[in-house]
Amino acid sequence: MRFLPADIKVFTMGKVAFGIGFLLSSAVGLLFFVATANTIEKDAKARFNTMARSVQNMINERVKSYNDVLRGSASLFQATPNLTRKQFHLYVQGLSLEKEFPGIDAINFVRTVTEVELPAFEAKVRQEIAAEPSGYPPFQIIPPGRRAVYDVITYIEPIERWSSRFGVDISGNGDQGRAKARDSRELSASGLPVSFLSGPTRTALSMRLPIYRNDMPASTVAERRTAYLGSVGVGFTVQKLLQGVLGQMPVRGARLALTDVGRRPNSSQPGASSSPRVLFDSSATATMPSPSPARPDSMTFVTTLPIYYTTRLWEFRLSIRKSSLYTGFDAYVPWLAMLAGFVSMMLLFILFQTLSSSSRTAVALAKSMTKELRDSEAKLQRSNDSLRRLGAHADKIKEAERKRIAREIHDDLGQNLLALRIEADMLLLRTGDRHPRLHMRARATVSQIDATIKSVRQIINDLRPSVLDLGLNAAVDWQIAEFGRRTGINCDVVETHQDIQVSEHCATALFRILQESLSNILRHAHATRVQVVLRVERGWILMSVGDNGVGFHPKGHYKLGSFGLIGIEERVNILGGTFDMHSEPGSGTIIRVAVPIPDVLQHPIPLSNPINEREQGTALV
């Protein structure tokens, strides 16, 4: 067979075009590989940062709870000058330290007396113990000897564990923080471990708050020094403080270290900052109590976040191997992306070569029309995405503001009402039969305070129910119970999982969807029965709300000025879920939503009939 020069030229151009297409496809495949690998690493980094912030918030909340215990104890001593040991014992017993505050080892009151006041003070303490022992041993100051000032541990609980510390004079331990706190009326924190609470495998710290006489002014430094009565202290163990933090992390192999770097720069208490001291390291062992700190490298994520411990500054350092944050499928995704990029680019190149042999005018016209259509679709899609992000951002800001307002009401107004309740209750106990009229007024005052506390709790729950912190199931059960109590409508809840683990954003969105659905039932449905079904199936959370009310036309929720169901649909779309509603006049209404659970392989869930007809039908009878 004889080849013509034109055939040879076409064959040569075909080989060149194939070579160009192969090189271009290989380059695109490599680009896809790098981009996908970087995306997977960025996602892992984002999960790591979220995990670190979650642990940081958890530690901050625990430190704040210890701070609240100290301030509550100080308020008790400040409001009750003649507090008995039995009352203090019952107060500490009521705190349930081992259950509610497992890190706290001891709560004590240190009485400051001068050498002149010492004999009368000793006689009074011994008289109190003789009249009401309450588990306290015979009183004697340790160590003995004459000093100008004594800081004596006068009250300490639990006494059965710390009876040996009763009567100990702590003025000689070199801690200047108490004097500074006495002059400034601020809370002080120990920079050094507390010797009698610390051990070979634990580090103990303390916080103290000054107490002043109620019958003396304490406006200036000189007046505070004169009116100074003593201080209330809380001792806790760092290891117990961090107990369970690593166990709650979704990945294994994480390393957590906590370091005291010194006094906070903006602290109002003067003094030089101490050198950094490691308080806790999860990698420490008996053979290596001080391992080398984790350093960032190509295989490890490391982050350092601040923890504010009163006047001290801690550094929380978390390190996790990158491989611990990858799933088994993540290792193959970059290679699949490279293969997809190579094949796609090769097919596009072949298609381009095929189209180039056609009329250039037709190709140019088709490209122009395609470009305009894609630009219009992209512009419309960007507009829709922007509106959806704006709505999601507005909801997020609104929920955050509700949460902030509820927390401020709880922290400020709630604490003041609690202190007022304690004082009124003490007045009620003291009047008794001696002042019947005053006793009656005190009882009425306590009732009014209780009503105010109940009202404040209701306001907090209206802004953002604290039950959301207990999980989605608890929030749904609480909302249904509250709805049935307020309206008298018979409500049923069907749950297939007792502890559905979702993010705070997802739980809040589902809770608001349930609230809006119940609100619509109350306003429009005239129903006598409501049924809520909550279950998990194939990586999806499915929730349905049905009633036996009057129903409405299927397109009625698109009427002008109606935003309830539209808002529900938008919340579900933001979560990447699906929304379905079935209603007919006189046949009741069913609202069904399905939301994917993050980090779970989802399978399609059709919403045409997600709930078994035996659980919930089109209408409830």
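Quick caveat, the model's predicted, so the values are computed rather than measured.
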Using the side chain to side chain contact (heavy atoms under 4.5 Å, CB included) rule, take Arg161 and Ile156 through it: C-alpha gap first, then chi angles, then the decisive distance, then the call.
CA-CA 9 Å; Arg161 292 177 54 192; Ile156 187 167; over 6 Å; no
Ser73 vs Tyr91, side chain to side chain contact (heavy atoms under 4.5 Å, CB included): CA-CA, chis, key distance, verdict
CA-CA 8 Å; Ser73 303; Tyr91 171 78; 3.5 Å; yes
Determine, step by step, whether Ile107 and Leu95 satisfy the side chain to side chain contact (heavy atoms under 4.5 Å, CB included) criterion, reporting the C-alpha distance in whole Å, the side-chain angles of both residues, the deciding distance to 0.1 Å, and the verdict.
CA-CA 11 Å; Ile107 303 177; Leu95 291 176; 3.9 Å; yes
Verdict with supporting geometry, Leu575 and His505, side chain to side chain contact (heavy atoms under 4.5 Å, CB included)
CA-CA 9 Å; Leu575 295 176; His505 173 65; 3.7 Å; yes
For Glu482 and Arg485, run salt bridge (charged side-chain N to carboxylate O under 4.0 Å, His left out): C-alpha distance rounded to whole Å, both residues' side-chain angles, the deciding distance at 0.1 Å, then the answer.
CA-CA 5 Å; Glu482 281 294 302; Arg485 181 183 63 81; 2.7 Å; yes
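Geometrically, Arg224 does not engage Tyr212 in a cation-pi contact defined by less than 6.0 Å to the ring centre and at most 45° from the axis.
Side-chain contact, Ser231 with Arg208: a donor N or O sits under 3.5 Å from an acceptor N or O. Between the side chains of Glu157 and Asn108, no donor N or O sits under 3.5 Å from an acceptor N or O. Between Asp477 and Gln479, the side chains place no donor N or O within less than 3.5 Å of an acceptor N or O (distance only, hydrogens not considered). When only modelled atom types and interatomic distance are considered, Arg512 and Gln515 share a side-chain donor-acceptor pair under 3.5 Å. Side-chain contact, Thr528 with Asn548: a donor N or O sits under 3.5 Å from an acceptor N or O.
Applying the side chain to side chain donor-acceptor pair (under 3.5 Å) test to pairs two or more places apart or on separate chains, those with a residue in residues 122-131 are Arg85-Glu128.
Using a distance-only test at 3.5 Å, with no hydrogens or angles considered, a donor-acceptor pair links the side chain of Arg185 to the main chain of Ala218. Judged by distance alone, the side chain of Ser503 and the main-chain N or O of Cys506 form a donor-acceptor pair under 3.5 Å. Tyr66 contributes a side-chain N or O that, together with a main-chain N or O of Gly103, makes up a donor-acceptor pair within less than 3.5 Å. When atom types are taken as modelled, the side chain of Tyr155 and the backbone of Leu83 share a donor-acceptor pair closer than 3.5 angstrom. In this structure, the side chain of Asn214 engages the main chain of Gln78 through a donor-acceptor pair within 3.5 Å. The main-chain N or O of Asn473 is never found under 3.5 Å from a side-chain atom of Trp478 such that the two would form a donor-acceptor pair. In this structure, Thr487 contributes its side chain and Ile489 its backbone to a donor-acceptor pair below 3.5 Å. Arg111 contributes no side-chain N or O that, together with a main-chain N or O of Gly230, makes up a donor-acceptor pair within less than 3.5 Å. A donor-acceptor contact shorter than 3.5 Å is absent between the side chain of Ser54 and the backbone of Thr50. Side-chain atoms of Ser96 do not come within 3.5 Å of backbone N or O of Lys99 as any donor-acceptor pair.
Ring pair Phe77/Phe88: centre-to-centre distance below 6.0 Å.
With a 4.5 Å cut-off on side-chain heavy atoms, Tyr309 and Asp260 do not count as touching. Looking at Phe101 and Ser65, their side chains come closer than 4.5 Å, going by heavy atoms from C-beta outward. A heavy-atom distance below 4.5 Å is not found between the side chains of Tyr308 and Val63.
In this structure, Asn57 has no side chain to side chain donor-acceptor pair (under 3.5 Å) partners at least two apart in sequence or on a different chain. In terms of the salt bridge (charged side-chain N to carboxylate O under 4.0 Å, His left out) criterion, residue partners of Glu115 (sequence neighbours excluded) are, by chain and number, Arg146. For Thr226, there are no side chain to side chain donor-acceptor pair (under 3.5 Å) partners, not counting sequence neighbours. Judged as a side chain to side chain donor-acceptor pair (under 3.5 Å), and not counting sequence neighbours, the contacts of Asp492 are Arg529. Listed by chain and number, the residues in a side chain to side chain donor-acceptor pair (under 3.5 Å) with Thr445 amount to none (sequence neighbours excluded).
The shortest non-hydrogen separation linking Ile142 to Ser164 is CD1-O, 4.5 Å. Taking all atoms of both residues into account, the shortest heavy-atom contact from Leu205 to Val238 is CD1-CG2, 4.0 Å. Closest approach of Tyr136 and Thr154 over heavy atoms only: CE2-O, 4.0 Å.
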